[in-house]
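Heavy atoms only: backbone and side chains are in, while hydrogens, waters and symmetry mates are out. Note that this is a predicted model, so its numbers are computed, not measured.
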Amino acid sequence: VTRFRDFGEFSFIDRISQHGLARAEGVLCSVGDDCAVLDRGDGSVQLLTTDLLVEDVHFRRDACRAPGLGHKLLAVNLSDIAAMGGSPCDAVVSLAVPADLEVEFAEDVYRGMHACARKHCVNIVGGDTTRSPGPLVMGLTLTGTMPLEAVCYRSGARPGDTVYVSGAIGDSAAGLRLALQHEAETENGDRDYLLDRHHRPEPRVGLGQRLAATAAVTAMIDLSDGVASDLLHVCTQSGVHAVITEEAIPLSAAFRSYCAEVGVQATELALTGGEDYELLFAVRREETDRVEALSEQDGLPLLSRIGYVESGGPTIEIEDADGGRKPLEVSGFDHFRAGGV
Ligand SMILES: [Mg+2]
């Protein structure tokens, strides 16, 4: 008998992927990207993605606010649609609810989810509710659409491409650490910012669409497990090596001061902490000016060049200010090996 704790999430995905498809025609991508991609035969694709939030694995009921939980359940799926460059459409929601859960808590979850849905024009069109003998479990499945030729897979990065991330990295990891500390904190103006970045990530849907429309992006992924782990997915799918320039990693002032205060190495936490829900993408070298011009347009986050793609791999190195390189250790977040929150 092989137990999940010894086998791991990714080995399991590999094993179940071998069953193949009942109707392979029109399935452009099944397992291995942010969304499944289905050819609709009219020049467009349907995107399909799903995510689960499980109490005591992804969140603690006593360390989060219910509306934020609902927001996050939809936001993490929106982020997967954004990672392909698509427009979100419709969602179904499934809940497994412990009998002692306060109804008001579940209503607040939906309130946060619906606010996020209105903002992104997503219809919540159904789902399923059942009793849970254990933790609160919430699943959401989301569809999206986009032009077929604009889809940004993880697999297109080529040697010479420049690697970018949107926004600032690490805030969510710092926010999680703050959320799990129950003792009273020294009053810190940055605390609310970092907690908010953890509890209420803003999926980069508009940016993803703009990037896809440039046709200059060769590979894209959203940052759910951390830069180190997610960039390795791009390297693996694309068959390339990547180099991250240490000093180019965008860190917020709040994150820097948090790390200094608690004595944590900022770059390491930023690269290995998950749940940033920013976009990481590779761009052909000759198109970088055109892509960087996007960040100046209204409402789009900062775009930072954090490195470049070379042949070889799939591996990642980190380059310091003197040009010295060392391999980036990627632990690779695995749900069956990580402890959970
Ligand atoms: Mg993703």
Side-chain angles (χ1 to χ4, degrees), residues 4-5 9 50-79 91 93-117 124 127-140 170-203 223-226 252 254-255 257-259 261-264 269-270 272-277 331 333-341:
F4 268 89
R5 77 173 80 88
E9 176 188 0
T50 191
D51 255 301
L52 275 179
L53 291 183
V54 179
E55 182 176 5
D56 295 332
V57 176
H58 300 98
F59 67 92
R60 284 216 325 239
R61 233 190 292 169
D62 62 351
C64 72
R65 296 192 194 107
L69 212 50
H71 169 94
K72 195 162 182 174
L73 180 62
L74 178 53
V76 297
N77 284 282
L78 286 165
S79 186
V93 182
S94 296
L95 296 185
V97 183
D100 67 346
L101 186 78
E102 292 163 20
V103 173
E104 290 75 14
F105 187 94
E107 281 179 331
D108 282 347
V109 168
Y110 269 86
R111 200 154 48 78
M113 196 189 320
H114 278 118
C116 184
I124 296 170
D128 190 24
T129 305
T130 182
R131 187 175 71 88
S132 167
L136 173 62
V137 179
M138 304 183 295
L140 190 145
D171 293 343
S172 177
L176 175 61
R177 292 170 61 114
L178 286 169
L180 295 178
Q181 284 165 1
H182 295 288
E183 68 272 21
E185 275 285 311
T186 30
E187 205 48 55
N188 181 347
D190 298 334
R191 185 184 158 82
D192 289 345
Y193 166 82
L194 294 171
L195 283 170
D196 209 51
R197 290 272 286 166
H198 178 71
H199 288 309
R200 303 188 64 88
E202 276 306 323
L223 293 175
S224 53
D225 297 344
S252 69
F255 178 75
S257 73
Y258 169 82
C259 290
E261 200 174 303
V262 300
V264 170
L269 182 58
T272 57
E275 302 195 289
D276 294 302
Y277 298 107
S331 51
F333 185 81
D334 186 313
H335 288 279
F336 296 102
R337 290 173 178 173
V341 299

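The two atoms that bring Pro203 and Ser79 nearest to each other are CB-N, 3.8 Å, heavy atoms only. The shortest heavy-atom contact between Ile124 and Ala117 is CD1-CB, 4.0 Å. Residues Gly175 and Leu195 share a closest heavy-atom pair of O-CD2, 3.4 Å. Residues Pro98 and Gly134 share a closest heavy-atom pair of CB-O, 3.6 Å. Nearest heavy-atom pair, Ala173 versus Gly273, reported as atom, atom and distance to 0.1 Å: CB-CA, 3.7 Å. Nearest approach of Asn77 to Leu73, heavy atoms of both residues: ND2-O, 2.9 Å.
A search for side chain to side chain contact (heavy atoms under 4.5 Å, CB included) contacts involving Arg177 returns Tyr258, Val262, Val264, Leu269, not counting sequence neighbours. With sequence neighbours left out, the side chain to side chain donor-acceptor pair (under 3.5 Å) criterion links Ser224 to no other residue. Checked against side chain to side chain contact (heavy atoms under 4.5 Å, CB included), His71 has the following partners two or more places apart in sequence or in another chain: Ala75, Cys116, Arg200, Pro201, Glu202. Applying the side chain to side chain contact (heavy atoms under 4.5 Å, CB included) test to Ser94 and every residue at least two apart in sequence or in another chain returns Asp128. Under the side chain to side chain donor-acceptor pair (under 3.5 Å) criterion, Ser132 pairs with no residue, sequence neighbours left out.
Formation of a donor-acceptor pair under 3.5 Å by the Asp276 side chain with backbone atoms of Gly170 is found in this model. With Glu55 contributing its side chain and Pro135 its backbone, the two residues share no donor-acceptor pair below 3.5 Å.
The CG atom of Asp192 lies 10.5 Å from the NE2 atom of His199; values are rounded to the nearest 0.5 Å. Asp190 CG to Asp196 CG: the interatomic distance, rounded to the nearest 0.5 Å, is 13.0 Å. The CG atom of Leu74 sits 7.5 Å away from the CE atom of Met113 when rounded to the nearest 0.5 Å. Here Leu140 contributes atom CG and Thr50 contributes atom OG1; the two are 7.0 Å apart, rounded to the nearest 0.5 Å. For the atom pair CG (Leu176) and CG (Leu194), the distance works out to 11.5 Å, reported to the nearest 0.5 Å. To the nearest 0.5 Å, atoms CG (Leu136) and CG (Leu53) are separated by 9.0 Å.
Using a 4.5 Å cut-off on side-chain heavy atoms (C-beta onward), Lys72 and Glu275 make contact. Inter-residue side-chain proximity for His198 and Leu178 is flagged as unmet; no heavy-atom pair is nearer than 4.5 Å.
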Donor-acceptor contacts, no H, no angles, side chain residues 104-112, under 3.5 Å, sequence neighbours left out:
unit_1: Asp108; atom_1: OD1; unit_2: Arg111; atom_2: NE; d: 3.3
unit_1: Asp108; atom_1: OD1; unit_2: Arg111; atom_2: NH2; d: 2.9

